[in-house]
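Scope of the values below: all heavy atoms of this structure, side chains included, with no hydrogens, waters or symmetry mates. By convention here, the first residue in the shown sequence is residue 1.
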Amino acid sequence: MCALLRLFSRKPIFSDGEIDLVLSNEDVTDSECGIVDGYTFYIYPSGTRQYAGYVSLRLGESPALYYLGHIGYRVEQSYRGKGYAMRACRLIVPFIQQLGLRSLVITTNVENIASRKTCEHLACTLERIAPVPAAYQPICMGAKWKCRYIWRIPPRA
């Protein structure tokens with residue numbers, strides 16, 4: 001699957017008419033964090049190559065991923081407020097389904113209201129607000145608390 005996606009990395013993999021997702025060539029694996037595989041998709045406004053952000057899917061389970069989550073996203077300042085993170089997450093659902101995943105964790109900083117709203121719009125369930133142990137704070141950009149949301153993925157039709 002990975003080789004096939006990388007073959008088309010210069011073309012949009014997923015699009016909803018407002019944004020395009022293009023697979024990056026970044027290596028998402030990180031054995032220290034327990035990420036055994038992963039994918040990063042760059043977000044572009046449809047039909048452009050104006051970088052607007054990214055959405056990442058991290059595969060694996062580990063104490064570090066408990067605080068990092070399986071899904072990560074970032075939207076550049078000038079593109080915020082347009083729902084790009086939510087759209088990007090929704091666009092990769094068919095890919096997530098192909099991988100056979102039924103639920104994923106998205107974590108956010110407690111004070112990141114925009115990211116928390118993204119999770120709410122995705123119909124994620126807030127599992128808990130977890131204290132981040134000192135050992136994991138550096139990989140969490142210093143965050144002392146993380147909201148852990150569970151995103152249930154519907155089965156393929």
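Between V22 and F14, every side-chain heavy-atom pair lies at or beyond the 4.5 Å cut-off. Within the 4.5 Å cutoff, the side chain of V55 has heavy atoms near those of the C89 side chain.
Using modelled atom types, one side-chain atom of S62 and one backbone atom of C33 make a donor-acceptor pair closer than 3.5 Å.
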Enumerate donor-acceptor pairs with a distance under 3.5 Å from any side-chain N or O in residues 141-149 to protein atoms, sequence neighbours excluded.
{"unit_1": "K146", "atom_1": "NZ", "unit_2": "N109", "atom_2": "OD1", "d": "2.7"}
{"unit_1": "R148", "atom_1": "NE", "unit_2": "E127", "atom_2": "OE1", "d": "2.5"}
{"unit_1": "R148", "atom_1": "NH1", "unit_2": "Y66", "atom_2": "O", "d": "2.7"}
{"unit_1": "R148", "atom_1": "NH2", "unit_2": "E127", "atom_2": "OE1", "d": "3.2"}
{"unit_1": "Y149", "atom_1": "OH", "unit_2": "R116", "atom_2": "NE", "d": "3.2"}

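Within the structure, every pair that satisfies the salt bridge (Lys or Arg N to Asp or Glu O under 4.0 Å) test and touches residues 68-77, not counting sequence neighbours, is listed here: R74-E76. A salt bridge (Lys or Arg N to Asp or Glu O under 4.0 Å) check over residues 83-108, counting only residues at least two apart or in different chains, returns the pairs D16-R87, E18-R87. A ring-ring contact (aromatic ring centres under 6.0 Å, His included) check over residues 16-37, counting only residues at least two apart or in different chains, returns nothing. For residues 51-60, every residue pair satisfying the side chain to side chain donor-acceptor pair (under 3.5 Å) rule, not counting sequence neighbours, is listed here: T40-S56. Residue pairs that meet the ring-ring contact (aromatic ring centres under 6.0 Å, His included) test with at least one member in residues 109-138, sequence neighbours left out, are Y67-Y136.
Looking at residues two or more places apart in sequence or on another chain, you find a side chain to side chain contact (heavy atoms under 4.5 Å, CB included) between P45 and T48, Q50, A52, Y79, Y84. By the side-chain hydrogen bond (donor to acceptor under 3.5 Å, both in side chains) test, T29 is found to be paired with D27, residues two or more places apart in sequence or in another chain being considered. With sequence neighbours excluded, no residue forms a side-chain hydrogen bond (donor to acceptor under 3.5 Å, both in side chains) with Y44. Scored by the side-chain hydrogen bond (donor to acceptor under 3.5 Å, both in side chains) test, T125 finds no partners at all (sequence neighbours excluded). For E32, there are no side-chain hydrogen bond (donor to acceptor under 3.5 Å, both in side chains) partners, not counting sequence neighbours.
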> Between L21 and I43, is a side chain to side chain contact (heavy atoms under 4.5 Å, CB included) present by the stated rule, with each step listed?
Replying inline: CA-CA 5 Å; L21 299 184; I43 303 169; 3.6 Å; yes
> Taking it one step at a time, do M86 and L122 satisfy side chain to side chain contact (heavy atoms under 4.5 Å, CB included)?
Replying inline: CA-CA 7 Å; M86 178 198 57; L122 290 169; 3.9 Å; yes
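V132 and C140 make their closest contact through CG1-SG, 4.2 Å (heavy atoms, listed as atom of the first residue, atom of the second, distance). Of all heavy-atom pairs spanning S103 and R152, the tightest one is CB-NH1, 3.8 Å. Shortest non-hydrogen contact noted between D20 and G47 is OD2-N, 2.9 Å. Closest heavy-atom contact between L65 and G34: CD1-O, 3.6 Å. Residues I19 and A88 come closest through the heavy atom pair CD1-N, 3.6 Å. When all heavy atoms are compared, the tightest approach of L101 to I153 is O-CB, 3.8 Å.
I96 contributes atom CD1, which lies 5.5 Å from atom CG of L57 (distance to the nearest 0.5 angstrom). Remark: I71 CD1 to T107 OG1 distance equals 10.5 Å, nearest 0.5 Å. Here CD1 of I92 is found 12.0 Å from CD of Q98. Values are rounded to the nearest 0.5 Å. To the nearest 0.5 Å, atoms OG (S24) and OH (Y42) are separated by 4.0 Å.
V105 forms part of a hydrophobic cluster together with I150, judged by ILVMFWY side-chain heavy-atom separations under 4.5 Å.
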